[in-house]
Asker: 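Have a look at the structure that comes next, please.
Numbers restart at 1 for each chain; the letters A, B, ... are given by sequence-line order, proteins then strands. Since we're looking at a predicted model, the values are computed, not measured.
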Amino acid sequence: MHISRLDLNLLVVLDAIFTEDGITAAAAKLNLTQPAVSHALGRLRDVLGDPLFERQGRRLVPTPFARGLIEPVRQSLRGIEIALAEAERFDPATTRRRFTLGIRDVLEARILPALMHRISEVAPFVDLAAIHVDRREVEGELAAGRVDAALDIWLSLPEHIRQRRLMADRFVVVARSGHPRVRGHIDLDTYLSLQHVLVSARTTGPGLEDIELARLGHSRHVRLRCQHYFAGCRVVSQTDMILTMTEHYARITNRPFANQMLPFPIEGPGLDAYLYWHANVENDPANRWLRGMITETMAALPLRDI
DNA sequence: CAGTTCTATGCCGGCCCGAA
DNA sequence: TTCGGGCCGGCATAGAACTG
């Protein structure tokens, strides 16, 4: 008989009948009804071609075949139990594995230094990969396990994608320090009359700030569209164009430049960062550890200076 | 002999999975 | 998406053996 023909759970039933000395008691131990265990024994009898237990009066007595089988079966079940218990333990100090985070450059620069520092302290053999995941693919990548967790702004995802809010953020407007029309603050009229840099990985389409402006019936002139905020800030430092971006990231990318950072002239859309993971790994010790590292890192980040 | 205890069995509904 | 087959477990109950 090939093992693939055997429902290995039936061996658990066999062990229980042996240990509890009867079908009724075994059923109680397994949280099943007596007929369920009797059916299971019937299937095991079929597949093994031996009665396994025979009735002697009211008791059930194992056949020689069953007696010979029980010890190896018990040892195997114990081995499986031990292996499963091992798999459930996750020891960051010794584990060698690579976690993959779906994360956008804006958050990447903000969290990775502190996160990597924290992970290095407690998990010397854990590697991290931060990759770009299209917003439309977040659910699929998490479901497939190609990404262990994702960080992004609020996304409307199905219930089996779990989420947790990590930190608040808001829009700021970046302009060069000697800008002739911007000093200390910027009002909506000035904002709309100036030329804009838009940073986006996509070739066309509005930014979040454009969507927000359109909602209020406004529009702006995007003169330059580019891929990276660093480049955008550098352009801003040498022109009279302005750039709208999130505050935390603006503080990082504007360090080399003497650019001003000003409040966005309208009430901005929600830019809070969220952590996303799949319900499948909700209780996976390794994934829980990773999520813990991320949330602790975010909570410990200073809000203003980074 | 009636009541109790225990296993076996027929039948049914629910679930899963593969094929159409 | 639907349908059918296979599997599993539960309910009801038959049947056997034991007990007082």
Side-chain angles (χ1 to χ4, degrees), chain A residues 1-90 97 99-100 102 133-150 152 154-164 275-288 290-291:
Chain A
M1 194 217 66
H2 193 270
I3 197 166
S4 64
R5 283 192 55 216
L6 180 64
D7 172 3
L8 294 178
N9 204 37
L10 293 177
L11 298 179
V12 177
V13 174
L14 178 74
D15 180 40
I17 297 173
F18 224 105
T19 307
E20 301 297 313
D21 203 21
I23 286 183
T24 304
K29 185 187 180 194
L30 296 169
N31 283 319
L32 292 170
T33 58
Q34 173 270 320
V37 174
S38 186
H39 283 310
L41 177 58
R43 291 193 295 274
L44 200 54
R45 282 167 168 160
D46 265 359
V47 74
L48 296 180
D50 185 272
L52 297 170
F53 296 91
E54 276 161 343
R55 291 185 71 155
Q56 269 181 23
R58 218 155 48 186
R59 296 194 52 222
L60 221 48
V61 181
T63 62
F65 181 78
R67 277 184 217 283
L69 203 56
I70 190 63
E71 264 323 305
V73 163
R74 279 178 174 160
Q75 278 181 25
S76 304
L77 292 177
R78 201 156 346 273
I80 292 169
E81 274 176 5
I82 291 168
L84 290 176
E86 282 294 317
E88 277 175 16
R89 259 209 304 274
F90 173 76
R97 81 169 264 185
F99 291 100
T100 302
V133 177
D134 192 286
R135 291 211 165 103
R136 286 164 301 182
E137 322 241 309
V138 167
E139 183 194 351
E141 293 295 293
L142 287 172
R146 285 189 289 270
V147 166
D148 294 296
D152 211 325
W154 166 256
L155 304 174
S156 179
L157 294 172
E159 198 174 324
H160 59 265
I161 303 296
R162 304 289 155 83
Q163 46 101 345
R164 176 181 180 152
L275 175 65
Y276 299 93
W277 66 96
H278 197 279
N280 284 348
V281 292
E282 174 83 34
N283 293 315
D284 173 61
N287 196 278
R288 277 166 72 154
L290 175 68
R291 274 143 45 203

Asker: Which residues pass the ring pair (Phe, Tyr, Trp, His ring centres under 6.0 Å) test with A:Phe90, sequence neighbours left out?
Answerer: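 For A:Phe90 the ring pair (Phe, Tyr, Trp, His ring centres under 6.0 Å) partners, ignoring immediate neighbours, are A:Trp289.
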Asker: With a 4.5 Å cut-off on side-chain heavy atoms, are A:Val133 and A:Asp152 touching?
Answerer: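 No. Closest side-chain heavy atoms not under 4.5 Å.
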Asker: Near A:Arg97 CZ, under 6.0 Å, is it more than 12 heavy atoms from other residues, nucleotides or ligands?
Answerer: yes
Asker: Base contacts versus sugar-phosphate-only contacts with protein, heavy atoms under 4.0 Å: please encode nucleotides 4-15 of chain C as B, S and - from 5' to 3'.
Answerer: ----SSBBB--B
Asker: To check you understand the geometry: which heavy-atom pair defines the closest contact between A:Gly102 and A:Val147, and what is its length?
Answerer: N-CG1, 3.5 Å
Asker: For DNA chain B, which residues of residues 18-29 of chain A approach it to below 4.0 angstrom with any heavy atom?
Answerer: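 Residues of residues 18-29 of chain A under 4.0 Å from DNA chain B: A:Gly22, A:Ile23, A:Thr24.
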Asker: For residues 30-49 of chain A, pull every pair meeting ring-ring contact (aromatic ring centres under 6.0 Å, His included), keeping only residues two or more places apart or in separate chains.
Answerer: none
Asker: Side chain of A:Arg291, backbone of A:Glu282: donor and acceptor closer than 3.5 Å?
Answerer: yes
Asker: For atom CD of A:Gln56, is the number of surrounding heavy atoms from other residues, nucleotides or ligands below 6.0 Å larger than 12?
Answerer: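 Result for CD/A:Gln56: open.
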Asker: So where does chain A start and stop touching DNA chain B, 5' to 3', when the test is distance under 4.0 Å to a non-hydrogen atom?
Answerer: B:dT4 to B:dC11
Asker: Please check this pair: side chain of A:Asp148 against backbone of A:Asn287, looking for a donor-acceptor N/O pair closer than 3.5 Å.
Answerer: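 Here the side-chain-to-backbone pair does not exist.
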Asker: Show me the donor-acceptor pairs, under 3.5 Å and distance only, between side chains in residues 18-25 of chain A and residues at least two apart or in other chains.
Answerer:
from    : atom 1 : to      : atom 2 : distance (Å)
A:Thr19 : OG1    : A:Asp15 : O      : 2.7
A:Thr19 : OG1    : A:Asp15 : OD1    : 3.2
A:Thr19 : OG1    : A:Arg74 : NH2    : 3.1
A:Asp21 : OD1    : A:Arg59 : NH2    : 3.4
A:Asp21 : OD2    : A:Arg59 : NH2    : 3.0

Asker: Which atoms form the tightest heavy-atom contact between A:Phe53 and A:Thr63, and what is the distance?
Answerer: N-CG2, 4.1 Å
